[in-house]
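Just so it is clear, the model here is predicted, and its values are computed rather than measured. Residue numbering restarts at 1 for every chain, and letters A, B, ... go by the order of the sequence lines. Any value given below was found using the heavy atoms of this structure, including those in side chains, with hydrogens, waters and symmetry copies removed.
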Amino acid sequence: MTDMLSTGQQASIDRTRLIRAGLRKRHLSENIFKGLGLAAIILALGFVALLFVDIVRKGVPAFTQSNLHLAITYDPAILKIDPPPVRAAGQSDADFQAANLKWQRDLAMLNWNKVIEASLRAAAPAGLEIDAKALLSIAETDARHVVREMFVANPSLLGQTVEVELLASANAVNWIRGNIDRSLGDAQQQLSASARTLIDEFVANGTITNGFAWSIFTNVDSRSAPASAGLLGAFVGTLWMMLIVIVLAVPIGVASAIYLEEFAPKSRITDFIEVNINNLAAVPSIVFGLLGAAAFINYMHLPISAPIVGGLVLTLMTLPTIIIATRGALLGVSPALRQAALGMGASKTQMVFHHVLPVTFPSILTATILGVAHALGETAPLLLIGMKAFVAAVPATPLDQATALPVQIYLWQGNENRNFFEPRTAAAIMVLLLVMICLNGVAIYLRSRLEKRA
Amino acid sequence: MVPLVKGGTGNELPERPARFELNSEREIPMKTALYASAAVIALAAFGTPAAFAQSRDTIQVAGSSTVLPFASIVAEEFGAVFPEFKTPVVGSGGTGGGLKQFCEGVGENTIDIANASRQIKDSELEACTAAGVTDVREIQFGYDGIVFASAASGPDFALTPVQVFKAIAAKVPVDGAMVDNPYTKWSEIDASLPDQAIALAIPGSNHGTREVFEEKVTNAGCEEAGLPEMTEEELEAACTTFRQDVVVEIAGDYTETLARLTSNTDTVGVFGLSFYEQNTDTLKVATVNGVVPSAEAVAAGEYPVSRPLFFYVKGQHIGVIPGIEEYVQFFLSEQMSGAGGTLEAAGLIPQPAEKTAEVLAAFSAGAM
């Protein structure tokens, strides 16, 4: 009996031991799995943080600009120009316009750099040896346009002296910020020694001050005056494209999803369509660019580099995403709702539009916003439809030439004045990321709000 | 559902109409939205081509990435100086790509001007003619130099075309016979060169730069290298076949070449003179045949690896797209591409004023 008991006890002890060992093994493997998962998350977050820190570190300085405060004298000895045309009695509109344009063009042909040079020399401390070229290298090249446009707006300035805030040149900014190692010798610096001395002098006496770089948001791209290059043109171009994407992709996408899910008979043809839509969603975006170039530009003769073409291409790209998301959302609606509606005598259309569709709104909205955010960052297809051109204007309509934010980043990245454009590229990336984060934030907010209501 | 309401009992009446109102309210925005989007789709499908039937009023330029910075500056200034014209739009795509677009035909969705860092080829001109572009006007507006540059921290290079050829060619002559390129270090080619591994980043074949590079450097070096007797075809192959192990062909712009230099500091890269001048803090330039590349040396014809820059104007678009003539005149004006002009500050090497006058006269006279 004791033997039996002891064998029984022995068996139970053995079993416990076996179970413990197995348990330990299972716990170990679970812990390993948890650890791997955690490591993966830390690694991923680490990379994201690295990227963000790098971009922010590089980009933040670009949000300040160096302003050059000068007293500009509209010296009649330099600006030999007739007074602006006055409209004579009986002169036709067209004649007056033509005379005015001619006056403006004559004005533009004057050597405005002489005016800038004179005021820079006046601002420089007495006794500093500096030649005209070095002086002019301190002010950005658009200074002469700023000064001229002030004169066009107010021709009575001739002979007067006014305080003007201009931009310091990109090379001056490089020197002030130390974008080019300040200890490098003359041969490796972009500015002459005398210009560098004068800039340091200007910074010390407050002629050059730092300010927030509104120019990034209010100016269009510029190559001749890099310090004044901004994102406005690209931003508006992107806005036009997104508008086209929303206006076209949402109704078409939702309508086709509703038809396929609710009305279309299940047949080989609809199966075939379904497979193809899923395939389309996986097609690389550059293919859509090629398609867009062939269909919209070569065949339909839409203008090159225009947001309308970009918008259409991005619409094609976003459509499958929206269709698939909407179909998924429709599938998720409980059959009870449909049957109840039909049972109450609703027609199929009423059932879909009054009962099923409102429930799916949050999902459709989220899918739309995410689709648009994806389209917003898309660059490859735009390169193929001529949207990487240099455009120095804000597109007034979707038919005007434009670039887009991600393409602007690409263009700035390739600019030859690297020392200046590296920070500016990072700044443009920050703006693009901010827009994306905002869009995604709106998507999350709307989703949680609408879901609560539903 | 309506008969149901009518048939309902009195108790339900106050509630039901209320729900129906709610439904019809929901219905109205839905329908408006549907109609609106239908209208927009119709507009997009039929409206836009019709809207484009009106004449384009912006000059469209594309082509060489070397000419791009110059053309962009002129475009910007043109927009500022001529208030009656819009700022021209300048695209890239390389000389070949630009001329291909240029020769696609005549009409508003084709470009007006093609930038080129070499002269148009006969084959391209034929393509143009075939597509109906019969009035092509050539404008030469200045020069550009190609330089060899290496990391600023590295040793100095004094190159000759022959040395570059020996570094780059797949097969080189050794003792009168062609053998696979045996050189791994510059010092093995010539004792005067640094003891540094050979690595070269050269422009890809889509660049106009590539042709000048081949013509002025490798072909010239090939001739000098004293190749053994062979047929013309073999000779051409020997001159233009580059080894793949140490030579990287860059299809992108010079920033990409520069990135290559930063990742492998032994690399010697080919850059435009103006790009080098903007990045003297990281780059060191090599002399070619003992001449230090500079604007003066190119203009004087001393520096061997330089080339004229061009753009081509579609004569048939003059008078259709406003401002083309003014753009050309403005581009060639003293204050833009002349000595001391805006483009010189951006790295262009101006051509003599007589040449410019000649070009302008030919442009006004008509087709080439």
Side-chain angles (χ1 to χ4, degrees), chain A residues 97 101 104-105 108-109 111 133 137 141-142 145 148-149 152 180-181 184 187-190 220 222-225 244 247-248 250-252 255 297-298 300-305 308 312 344-346 350 353-354 357-358 386 388-393 398-401 413-419, chain B residues 1 4 23 26-27 30 33-34 37-38 40-41 44 48-49 51-52 56 58 60-62 65 68-69 71-73 75-77 79-84 86-87 89-93 104 107-109 111 152 252-256 258 272 274-275 277-282 335 342 345-347:
Chain A
Q97 276 298 333
L101 281 176
Q104 282 192 32
R105 195 182 294 173
M109 292 296 182
N111 194 347
K133 205 177 157 196
S137 67
T141 54
D142 70 336
H145 296 312
R148 177 176 53 86
E149 270 152 29
V152 171
I180 297 180
D181 190 349
L184 289 177
Q188 283 179 282
Q189 293 287 352
Q190 291 297 312
V220 294
S222 173
R223 261 178 186 272
S224 70
I244 291 166
V247 161
L248 290 180
V250 176
I252 298 178
I297 293 178
N298 291 345
M300 283 171 75
H301 296 293
L302 288 174
I304 337 169
S305 320
I308 177 104
L312 287 172
M344 292 300 281
Q350 281 172 324
F353 284 96
H354 297 176
L357 204 56
K388 65 164 180 173
F390 167 78
V391 184
L399 291 168
D400 288 338
Q401 282 88 346
Q413 183 273 332
N415 191 293
E416 51 280 349
N417 195 338
R418 259 178 347 94
N419 293 306
Chain B
M1 266 177 136
L4 250 180
N23 266 352
R26 216 180 242 169
E27 202 172 349
M30 182 75 67
L34 274 179
S37 43
V40 166
I41 295 164
T48 37
F52 187 60
R56 168 158 65 84
T58 314
Q60 191 105 31
V61 188
S65 51
L68 177 78
S72 314
I73 288 170
E76 236 180 302
E77 302 276 325
V81 168
F82 292 84
E84 67 268 45
K86 286 197 177 168
T87 308
V89 169
V90 189
S92 56
E104 261 165 18
E108 276 159 14
N109 69 327
I111 59 170
D253 48 29
Y254 293 133
T255 342
E256 207 181 313
L258 191 65
S274 48
F275 185 91
E277 283 179 340
Q278 294 265 329
N279 291 284
T280 44
D281 58 323
T282 46
Q335 58 164 327
T342 311

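- When heavy atoms are compared at a cutoff of 4.5 Å, A:Ser137 does not approach chain B at all.
- In this structure, the portions of B:Ser72 lying under 4.5 Å from any heavy atom of chain A include both its backbone and its side chain.
- Neither the backbone nor the side chain of A:Gln97 comes within less than 4.5 Å of any heavy atom in chain B.
- In terms of heavy-atom pairs under 4.5 Å with chain B, the best-connected choice from A:Gly414, A:Ala392, A:Gly386 is A:Gly414.
- Heavy atoms only, all atoms of each residue included: B:Asn109 and A:His301 are closest at ND2-ND1, 2.9 Å.
- A:Gln190 and B:Glu277 make their closest contact through NE2-O, 2.9 Å (heavy atoms, listed as atom of the first residue, atom of the second, distance).
- Among the candidates A:Leu184, A:Asp181, A:Ile304, the residue making the largest number of heavy-atom pairs closer than 4.5 Å to chain B is A:Ile304.
- For B:Glu84, the parts lying under 4.5 angstrom from a heavy atom of chain A are both the backbone and the side chain.
- With a threshold of 4.5 angstrom between heavy atoms, B:Thr342 approaches chain A through side-chain atoms but not through N, CA, C or O.
- For chain B, no part of A:Asp142 is nearby; none of its heavy atoms comes within less than 4.5 Å.
- Contacts between B:Asp253 and chain A at a heavy-atom distance below 4.5 Å involve the side chain alone, from C-beta outward.
- Only the side chain of B:Thr255 comes within contact range of chain A, with at least one heavy atom under 4.5 Å from a heavy atom of that chain.
- Contact count versus chain B (heavy atoms, under 4.5 Å) is highest, among A:Ala187, A:Ala108, A:Ser224, for A:Ser224.
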